[in-house]
2 protein chains.
Amino acid sequence: MLGKNKKVADLSSSLPDIWKMLTDVERDQLRHNARIIHFKKNELIYLEDETPKDLMCLFKGKVKIYKSGVGGRSQIIRIIRPVQYFGYRAYFAREPYVTAASAFEACTVCLIPMELIEQFLRNNGDLALFFIQMLSIDLGIADQRVVNLTQKHVRGRLAESLIFLKESYGLEEDGATINIYLAREDLANLSNMTTSNAIRTLSNFVNERIITIDGRKIKIIDEERLRKISRIG
Amino acid sequence: MLGKNKKVADLSSSLPDIWKMLTDVERDQLRHNARIIHFKKNELIYLEDETPKDLMCLFKGKVKIYKSGVGGRSQIIRIIRPVQYFGYRAYFAREPYVTAASAFEACTVCLIPMELIEQFLRNNGDLALFFIQMLSIDLGIADQRVVNLTQKHVRGRLAESLIFLKESYGLEEDGATINIYLAREDLANLSNMTTSNAIRTLSNFVNERIITIDGRKIKIIDEERLRKISRIG
DNA sequence: GTAGAACTATGTTCTAAAACACAAATATAA
DNA sequence: TTATATTTGTGTTTTAGAACATAGTTCTAC
């Protein structure tokens, strides 16, 4: 009983965007169909070619959405932070997933059946527009990303990724350390380069006093320089 | 009077997807707000940084959506064929255009104010879902494109573009000539390579008897080979 | 029809980044 | 703990593709 009440409280506060657009009846339906699932670090959330069934909302943790390309080389397509929605695109396109998702770190995810969401938004213009807006923003980002990843050089791409990570996950209390610890390989897959190049370019940035590194902790020293490198490519 | 009737007929047959989802009242509103505009070959339809105002529907012709990237190097993001909708993403994202659009050849475009479309879809679940589905499909394509353009080699990228053009615009009566005549530069911008490389690789394909070229006419001789080259990158 | 511009073609040079090779350091498990 | 695997770091080699140079060709406009 207490557990259920807690869950209800969780949903209303954790799904702010969607919750506030729903009627009482819809909220009740959502309450009865939403599931909360925990994922361990590096655990798979969904796989390429699977059938999409649920809208996912990341309550806690960090998630990567990625694709395996030519020769199994993996490319991180986007990263998710709390509270963001993911996993719905393929369902709306009536396709299997063309990407996979896995947990960068321990995660709490809320799953809501897509059938329910579709039913809601058919009668709820605000909710429909919410999804239209999310998709439109993501499509704009993807278009920009095509150009950045293909035209910028290694330094520009890595600089861009570092800034992107900072803006996505923020900084620690020291106001400089990026609040996510990625393997060099993930950093490479995010920036479309080999692991060696990510390591080497990171070292160069350290020598140029743009960042400092301590294992996987990356501290941004000169954000202005970093932004400039990202800008000029 | 006759002109108006013609226009009405045009709309109902030319906007099949949207038209059939509207009520009589909505159709009337659409009729009074839609404009038909003609663009000459190479004419600009909209520019980067402009404010999006209209949903555009291509009735006739061929359109490229492109972005200028590092050092003004242009990248074709997607191409539009009749009857497809475009120009709406930025409005929904509440952003200025991040791309530009221009006519590959003489075009007829129907413009419908986005305010009207938004008003329609707030009360029309089918229409909302129609846009959600279009955006979802385009986002999936964009995600795939990031991987293809960054990981495939020049031959694979060009082969992919040729197949893409064939599937988009079809073949001429001979059942082999791709039904669009692009400058080598456009082919390069579509495939993320320099014009020289597009020319060179096209020549190689000719030598390997995969295609033949006659000016801008490209005839596909061995589609299987082309697909294989595209697949393996 | 001619002049100039734009496009196509091909050869050559140069360079960014991948591929490879190997240490060293760190994490994980037995 | 030691052993094993994984990750990080750095130097070297190789290569795909960009950049450059130049010439022939085909549009386009006057």
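Order of the sequence lines fixes the chain letters, A, B, ..., with proteins taken first and strands second; residue numbering starts at 1 for each chain. Note that this is a predicted model, so its numbers are computed, not measured.
Contact record, Lys64(B) with Asp186(B): NZ-OD1, 2.9 Å, taken as the closest heavy-atom pair.
For the residue pair Asn192(B) and Arg73(B), a side-chain donor N or O sits within less than 3.5 Å of a side-chain acceptor on the partner. Between the side chains of Asn148(B) and Gln144(B), at least one donor-acceptor pair of N or O atoms lies under 3.5 Å. No donor-acceptor contact under 3.5 angstrom links the side chains of Asn204(B) and Thr201(B), judged on distance only.
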With the sugar-phosphate defined as primed atoms, P, OP1 and OP2, and the base as all remaining atoms, what B/S/- string results for nucleotides 7-19 of chain D, 5' to 3', for protein heavy atoms under 4.0 Å?
SSBBBB----SSB
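Screening Tyr66(B), Tyr46(B), Phe39(B) for a side chain to side chain contact (heavy atoms under 4.5 Å, CB included) involving Ser102(B) leaves a single residue, Tyr66(B).
Look at Lys41(B) and Glu105(B) and you find no salt bridge, because none of the NZ, NE, NH1 or NH2 atoms lies under 4.0 Å from a carboxylate O.
Taking the centre and axis of the six-membered ring of Tyr91(A), the NZ or CZ atom of Arg89(A) falls outside the cone set by 45° and 6.0 Å.
A 4.0 Å heavy-atom criterion places the boundary nucleotides of DNA chain C facing chain A at dA17(C) to dC20(C), written 5' to 3'.
Residue Glu95(B) holds its CD atom at 11.0 Å from CG of Asp49(B), rounded to the nearest 0.5 Å.
Nucleotide dT28(D) holds its C1' atom 15 Å from the NZ atom of Lys40(B), rounded to whole Å.
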